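Single-structure report; data block below.
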Amino acid sequence: MAFFTSGDFHYDEATQTCRCPAGNDMWRSGIDVKSHNQQYTRFCGYLKDCKACPLQQQCMRKQPIKTGRQVQFINNESRKKLSYVDKMKVKIDCPIGRRQYSKRLGSIEPVFGNITVNKGMNKLTLRGQT
């Protein structure tokens, strides 16, 4: 049995409305909900709609008791913010970044390779250093 994902829900960012796969309106339960360094807009299905829905088995894992199905979408502003990993990818992919990273491979990496393989030092500590 396949479950519905947030892509199956019809989200209109301009009007801040959402419809479930069965076509029922959902209510907005949160704006700028923060989770994993992202901001989301959260919607919930009405309990009366979810209890009588023919698609309930594909949409929910358990029978709805207190609330209907919940779904959240990443906000536009949050989508524009790049994570540190994405920023580093952009930095390394430019021509200057490639040149600098290739220098690192020739100067830094052999030192750590020598320490770990030949000298058997797998752990480095800074004990006693301020």
Side-chain angles (χ1 to χ4, degrees):
M1 175 187 307
F3 284 98
F4 291 120
T5 62
S6 61
D8 298 321
F9 290 78
H10 306 288
Y11 173 54
D12 186 6
E13 196 166 357
T15 60
Q16 291 290 309
T17 57
C18 184
R19 287 182 166 285
C20 73
N24 298 321
D25 288 327
M26 300 177 80
W27 59 280
R28 189 176 62 206
S29 63
I31 304 171
D32 296 334
V33 177
K34 292 184 181 180
S35 176
H36 303 308
N37 295 327
Q38 297 275 343
Q39 290 181 334
Y40 296 92
T41 301
R42 184 177 292 158
F43 291 92
C44 289
Y46 291 100
L47 183 61
K48 62 178 176 60
D49 291 338
C50 289
K51 279 190 173 183
C53 183
L55 301 174
Q56 184 190 76
Q57 294 296 320
Q58 293 137 341
C59 195
M60 302 180 82
R61 291 186 186 101
K62 299 178 187 176
Q63 288 277 355
I65 297 171
K66 294 181 181 177
T67 62
R69 169 68 192 260
Q70 295 182 6
V71 66
Q72 56 189 22
F73 300 93
I74 298 175
N75 289 352
N76 229 357
E77 298 83 27
S78 188
R79 244 184 267 137
K80 291 176 187 173
K81 293 179 186 174
L82 291 175
S83 68
Y84 290 115
V85 173
D86 293 333
K87 287 180 185 178
M88 199 64 198
K89 285 179 185 176
V90 170
K91 196 173 185 179
I92 289 175
D93 285 342
C94 72
I96 296 170
R98 285 189 198 143
R99 195 170 339 115
Q100 287 177 340
Y101 197 72
S102 67
K103 288 179 183 176
R104 174 191 164 88
L105 293 175
S107 61
I108 305 287
E109 298 296 333
V111 174
F112 285 107
N114 180 37
I115 290 172
T116 56
V117 175
N118 297 331
K119 305 213 179 209
M121 294 175 63
N122 294 331
K123 295 180 182 177
L124 298 175
T125 63
L126 299 175
R127 192 171 184 180
Q129 300 288 324
T130 56

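Basis for what follows: all heavy atoms, side chains included, without hydrogens, waters or symmetry-related copies. Predicted model, so just to flag it, every value in this text is computed and none were measured.
Note that CG of D12 is 10.5 Å distant from CZ of F73, once rounded to the nearest 0.5 Å. Here CD of Q72 is found 9.0 Å from OG1 of T41. Values are rounded to the nearest 0.5 Å. Rounded to the nearest 0.5 Å, atoms NZ (K91) and CD1 (I96) are 11.0 Å apart. Distance check: Y11 OH to C18 SG gives 8.5 Å after rounding to the nearest 0.5 Å. Separation of atoms CD (Q39) and CD1 (I31) is listed at 11.0 Å; rounding is to 0.5 Å. To the nearest 0.5 Å, the span separating SG on C53 from NZ on K51 amounts to 13.5 Å.
The shortest non-hydrogen separation linking V33 to R42 is CG1-NH2, 3.3 Å. Nearest approach of F9 to C20, heavy atoms of both residues: CD2-CA, 3.4 Å. In terms of heavy-atom proximity, R69 sits nearest to C50 at N-SG, 3.4 Å. Nearest heavy-atom pair, L47 versus I65, reported as atom, atom and distance to 0.1 Å: CD2-O, 3.5 Å.
Residues Q63 and Q56 meet the side-chain proximity criterion, which asks for heavy atoms closer than 4.5 Å. With contacts defined as side-chain heavy-atom distances shorter than 4.5 Å, the pair S29/F43 does not qualify. Side chains of N114 and K119 form a contact here, defined as non-hydrogen atoms less than 4.5 Å apart.
Listed by chain and residue number, Q70 satisfy the side chain to side chain contact (heavy atoms under 4.5 Å, CB included) test with T67 (two or more places apart in sequence, or in another chain).
Of the charged side-chain nitrogens involved, at least one lies within less than 4.0 Å of a carboxylate oxygen, so that D25 and R19 count as a salt-bridged pair.
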